[in-house]
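Working notes, beginning with the structure itself.
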Amino acid sequence: KHMVLAKVLVDRDSPFLKSIIINKGTKSGVKKGMPVTKENYLIGRIVDTNFLSSRVLLLTDLNSRIPVSLSENSTQAILTGSGTKNPKLEYLPEDYEFATEVNVFASGKDGIFIPGTPIGRTTLNTGKYTNEIKLFVDPNQLSFVTVQLLRINKENN
């Protein structure tokens with residue numbers, strides 16, 4: 001079994017801390033660091049586990065930082081949570097030219113997230129490009145999520 005379906009129990013609704021509690025824990029094989037998805041879109045990772053429940057840090061949380069690739073030419077960046085519903089791309093190459101509707105994927109360079117897991121896409125804001133990403137899944141509309149039980153081995157990248 002490579003994944004476990006979990007029900008979202010509590011939503012922490014402070015403006016900057018974006019985490020949810022799910023009803024699966026170590027009893028179901030859930031461990032700290034495991035990726036959490038909704039319909040194969042990345043939404044966050046496990047940061048705490050108990051026997052019967054776990055906390056998921058969402059991509060929108062201020063503490064969330066994950067390595068990503070942009071689809072047009074595999075540009076590498078870090079997706080950082082901003083406490084708003086749109087996380088931001090940081091550490092882009094200096095000469096990076098923003099384009100609209102560019103898909104953003106987990107790069108897997110951290111050995112945690114499955115490479116190529118879709119996250120969101122670049123956006124235009126009032127006619128200007130921003131480094132904000134519109135997530136494919138609205139983190140405020142989660143009722144069930146999937147924990148990916150397979151940890152990626154860093155050596156296999």
Side-chain angles (χ1 to χ4, degrees), residues 2-8 10-22 24 30 33-47 54-154 156-157:
H2 302 313
M3 53 185 66
V4 58
L5 187 67
K7 183 169 179 29
V8 174
V10 209
D11 225 3
R12 286 286 160 96
D13 212 21
S14 93
F16 298 114
L17 275 176
K18 302 286 182 184
S19 65
I20 54 173
I21 308 291
I22 58 171
K24 292 288 193 284
V30 175
M34 288 178 166
V36 181
T37 57
K38 168 82 181 172
E39 287 150 14
N40 294 324
Y41 297 125
L42 189 63
I43 59 160
R45 69 174 183 273
I46 302 289
V47 288
S54 303
R55 182 194 300 272
V56 179
L57 185 77
L58 299 173
L59 297 176
T60 50
D61 189 281
L62 280 176
N63 298 307
S64 177
R65 305 236 172 318
I66 72 160
V68 293
S69 299
L70 281 71
S71 59
E72 31 38 316
N73 52 12
S74 300
T75 299
Q76 302 295 305
I78 303 286
L79 188 69
T80 63
S82 55
T84 68
K85 67 183 207 307
N86 296 333
K88 295 179 164 53
L89 289 171
E90 295 191 344
Y91 306 105
L92 282 161
E94 279 180 29
D95 57 354
Y96 183 74
E97 299 268 333
F98 270 96
T100 192
E101 303 290 299
V102 172
N103 288 336
V104 177
F105 303 92
S107 71
K109 290 205 180 310
D110 47 14
I112 294 174
F113 298 110
I114 298 156
T117 309
I119 294 173
R121 59 170 51 116
T122 58
T123 57
L124 268 175
N125 191 358
T126 61
K128 291 191 197 68
Y129 291 112
T130 72
N131 62 344
E132 289 190 346
I133 292 303
K134 183 168 171 28
L135 296 171
F136 288 133
V137 174
D138 181 345
N140 299 320
Q141 306 290 322
L142 298 168
S143 48
F144 287 90
V145 297
T146 305
V147 181
Q148 305 295 330
L149 297 181
L150 278 182
R151 283 300 296 266
I152 302 157
N153 191 329
K154 268 204 143 98
N156 296 342
N157 278 2

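Both backbone and side-chain heavy atoms feed into the values below; hydrogens, waters and symmetry mates do not. All of these numbers come straight from a predicted model, not from anything done at the bench.
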(request) Identify, with sequence neighbours excluded, every residue that meets side-chain hydrogen bond (donor to acceptor under 3.5 Å, both in side chains) alongside Glu39. (result) none
(request) Please round to the nearest 0.5 Å and tell me the distance separating atom CD1 of Ile133 and atom CZ of Arg121. (result) 10.0 Å
(request) Could I get the full list of side-chain hydrogen bond (donor to acceptor under 3.5 Å, both in side chains) partners for Lys85, not counting sequence neighbours? (result) none
(message) Within the structure provided, determine whether Leu149 and His2 are in side-chain contact (heavy-atom separation under 4.5 Å).
(response) no
(request) Return yes if some donor-acceptor pair links the side-chain N/O of Ser19 with the main-chain N/O of Leu57 below 3.5 Å, else return no. (result) no
(request) Output, in order, the C-alpha distance, side-chain angles, deciding distance and verdict of side chain to side chain contact (heavy atoms under 4.5 Å, CB included) for Leu79 and Ile119. (result) CA-CA 10 Å; Leu79 188 69; Ile119 294 173; 3.7 Å; yes
(message) Let me confirm one number: the OG1-CG distance from Thr122 to Leu89, rounded to the nearest 0.5 Å.
(response) 8.0 Å
(request) Say whether, by atom type as modelled, one donor and one acceptor occur between the side chain of Lys38 and the main chain of Phe144 under 3.5 angstrom. (result) yes
(request) Quick one: pull up CD in Gln148 and CG in Asn40 and give me the separation to the nearest 0.5 Å. (result) 7.0 Å
(request) Test Arg45 against Val56 for side chain to side chain contact (heavy atoms under 4.5 Å, CB included), laying out the working first. (result) CA-CA 5 Å; Arg45 69 174 183 273; Val56 179; 6.0 Å; no
(message) Would the distance check show the side chain of Ser107 and the main-chain N or O of Pro67 forming a donor-acceptor pair, the cut-off being under 3.5 Å?
(response) yes
(request) Grab the two heavy atoms, one from Lys18 and one from Gly83, that are nearest each other, plus how far apart they are. (result) CE-O, 3.5 Å
(request) Determine whether Thr60 and Pro87 make a side-chain contact, defined as any pair of heavy atoms from C-beta on separated by less than 4.5 Å. (result) yes
(request) Tell me, with the steps shown, if Val137 and Leu142 meet side chain to side chain contact (heavy atoms under 4.5 Å, CB included). (result) CA-CA 8 Å; Val137 174; Leu142 298 168; 3.6 Å; yes
(request) Ignoring hydrogens and angles, tell me if any N or O in the side chain of Thr123 forms a donor-acceptor pair with the backbone of Glu132 under 3.5 Å. (result) yes
(request) Give, for atom NZ of Lys7 and atom OG of Ser143, the distance between the pair rounded to the nearest 0.5 Å. (result) 6.5 Å
(message) Would you say CG of Asp138 has more than 12 non-hydrogen atoms from neighbouring residues, nucleotides or ligands within 6.0 angstrom?
(response) yes
(request) For the pair Asp61 (side chain) and Gly81 (backbone), establish whether a donor and an acceptor sit closer than 3.5 Å, ignoring hydrogens and angles. (result) no
(request) Grab the two heavy atoms, one from Thr80 and one from Arg65, that are nearest each other, plus how far apart they are. (result) CB-NH1, 3.5 Å
(request) Looking only at non-hydrogen atoms, find the nearest pair between Asn86 and Lys134 and report the distance. (result) OD1-CA, 4.0 Å
(message) Are the side chains of Thr37 and Ile43 in contact, using a 4.5 Å heavy-atom criterion?
(response) no
(message) Any non-hydrogen side-chain atom of Val147 less than 4.5 Å from a side-chain atom of Met3?
(response) no
(message) Could you tell me if the side chain of Ser69 sits less than 4.5 Å from the side chain of Thr75, heavy atoms only?
(response) no
(message) Walk me through whether Phe113 and Ile66 qualify under side chain to side chain contact (heavy atoms under 4.5 Å, CB included).
(response) CA-CA 8 Å; Phe113 298 110; Ile66 72 160; 3.1 Å; yes
(message) Checking the side chain of Gln141 only, and the main-chain atoms of Pro139 only, is there a donor and an acceptor separated by less than 3.5 Å?
(response) no
(message) I'd like to know if the side chain of Thr146 and the backbone of Val4 have a donor-acceptor N/O pair within less than 3.5 Å.
(response) no
(message) So Phe98 and Asn131, do their side chains get closer than 4.5 Å, heavy atoms only?
(response) yes
(request) Indicate yes or no: at least one non-hydrogen side-chain atom of Pro115 is less than 4.5 angstrom from one of Phe105. (result) no
(message) Please check this pair: side chain of Ser82 against backbone of Lys88, looking for a donor-acceptor N/O pair closer than 3.5 Å.
(response) no
(request) Indicate yes or no: at least one non-hydrogen side-chain atom of Ile46 is less than 4.5 angstrom from one of Ile22. (result) yes
(request) Give the minimum heavy-atom separation between Ser64 and Leu59, together with the two atoms involved. (result) OG-CA, 3.5 Å
